[in-house]
Amino acid sequence: MRTLTLLIIAGGRSSRLGVDKRFVEVGGVTLLENILIKSADQNFKEIFLCVEEILPPIKTLAEKFRLQISVDEIDGAGPMAALATALKKISTEKALALSVDMPFFNFESLTPLMNFCAQVVLPIVNGRAQPLAGIYHKSTANFFANELAAGQRKLIASIKKIPHKFIELQADEITFFNVNSRADLRLARGRAANLSRRTPIISIIAPSSGTGKTTFIENILRNLREIKIGVIKSTHHKILSDKISSDSSRFFQAGASKVYVGEKFFEEIEQMDVDLILTESRTHGILPAISLWRGKSDVIVDENV
């Protein structure tokens, strides 16, 4: 990394998320500060924070992490505008361009890219190119400026016009997971919380009863018999401790190692010696959730759940 400049692409409107994604928290830290903390350990030659405008918190972070700021010369033109502007400023031959919205990214995953020479070198993960986790030669700055002038905004379409390398990586897909929507944000927060838990939890929820949550959990249990799974059905209904509910029986028959039905949700989590916990109807707390819907395909999901 010492031969590279890092370009942190931190512009954009965050229109799909509805709030400025740079400052939403995942795992107790904002997306922007998360990538700044990780990059501080990589010994890059220099680091540019690429933005459309310099807001006070951007300036504060730049000073804290000793970054340079590159302001897009063309407003509202997306990542290509950031590259066209910042690549002209770097002192190295090449730069690593990295999106700000990947909370689980690790720099080691890009090591294979260092062995290839081209104007652009991009990773391919599960068949999908990652233009904002790639290496760009300084000479491409003018090319991207010309593409923008011609009305082109799509990075991949432009990259295919110049010498490039697409490198297939056997990386975990979550490494390149982007937070673009509220559903993505919930998933990211749930995963971050699970990384700090002794046992990961997934909640199975639905907007109404009769949607098939219990049956869905049974199918998961039958298809994941190679791991120990506990099931917690969170309910406010009083359950006698010596009574095995019908749902409990169904879960055990489907392959559950442990089952609890009742109110003591977090107490029971600590008692379960399993590899994974599935919870039914739990919506409170930071949990990754699978939401089940029956009937209409055009429903509006309550993304605050």
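A quick note: this is a predicted structure, and the numbers were derived from the prediction, not measured.
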Under a single-linkage definition using a 4.5 Å side-chain heavy-atom cutoff for Ile, Leu, Val, Met, Phe, Trp and Tyr, are F176 and F104 assigned to the same hydrophobic cluster?
-> no

Report yes or no: do T85 and S70 form a side-chain donor-acceptor pair below 3.5 Å?
-> no

CD/Q42: more than 12 non-hydrogen atoms of other groups inside 6.0 Å = yes

Side-chain donor-acceptor pair present, N194, R191, cut-off under 3.5 Å | no

Please lay out, stage by stage, how L276 and V274 fare under the test side-chain contact (heavy atoms from CB on, under 4.5 Å).
-> CA-CA 6 Å; L276 171 68; V274 293; 5.9 Å; no

F177-L195 co-clustered via ILVMFWY side chain contacts under 4.5 Å = yes

Rounded to the nearest 0.5 Å, the CD atom of Q130 sits from the CZ atom of F166 at a distance of 11.0 Å

Flag the pair K94 / T3 as yes when at least one side-chain heavy-atom distance between them is below 4.5 Å, and no otherwise.
-> no

If two hydrophobic side chains count as joined below 4.5 Å and joins carry through other members, does L36 share a cluster with L6?
-> yes

Ring pair (Phe, Tyr, Trp, His ring centres under 6.0 Å) partners of H137, counting only residues at least two apart | none

Does F251 have any ring pair (Phe, Tyr, Trp, His ring centres under 6.0 Å) partners at least two apart in sequence or in another chain, and if so, which?
-> none

Same apolar cluster: I74 and Y136, side chain cutoff 4.5 Å | yes

State whether the number of non-hydrogen atoms from other residues, nucleotides or ligands found under 6.0 Å of K165 atom NZ is greater than 12.
-> no

Pairs of donor and acceptor atoms involving the side chains of residues 107-124, under 3.5 Å and at least two apart or interchain, shall be tabulated with distances.
from : atom 1 : to   : atom 2 : distance (Å)
S109 : OG     : N106 : O      : 2.7
T111 : OG1    : E108 : O      : 2.9
Q119 : NE2    : S139 : OG     : 3.3

Test side-chain contact (heavy atoms from CB on, under 4.5 Å) on L31 and R22 and set out the steps.
-> CA-CA 5 Å; L31 290 178; R22 297 173 296 186; 5.9 Å; no

Roughly how far, to the nearest 0.5 Å, is CD1 of I54 from NZ of K59?
-> 8.0 Å

Given K233, which of I204, T214, I217, L278 fulfils the side chain to side chain contact (heavy atoms under 4.5 Å, CB included) condition?
-> T214

Are I290 and V231 connected in the hydrophobic side-chain network, where two residues link if heavy atoms are under 4.5 Å apart?
-> yes

Judged by atom type as modelled, is there a donor-acceptor pair below 3.5 Å linking the side chain of R250 to the main-chain atoms of E218?
-> no

Do other residues, nucleotides or ligands put more than 12 heavy atoms under 6.0 Å from the CZ atom of R225?
-> yes

Does some side-chain heavy atom of L7 sit less than 4.5 Å from a side-chain heavy atom of L83?
-> yes

May I have the step-by-step check of side-chain contact (heavy atoms from CB on, under 4.5 Å) for T175 and L169, ending in yes or no?
-> CA-CA 11 Å; T175 301; L169 297 185; over 6 Å; no

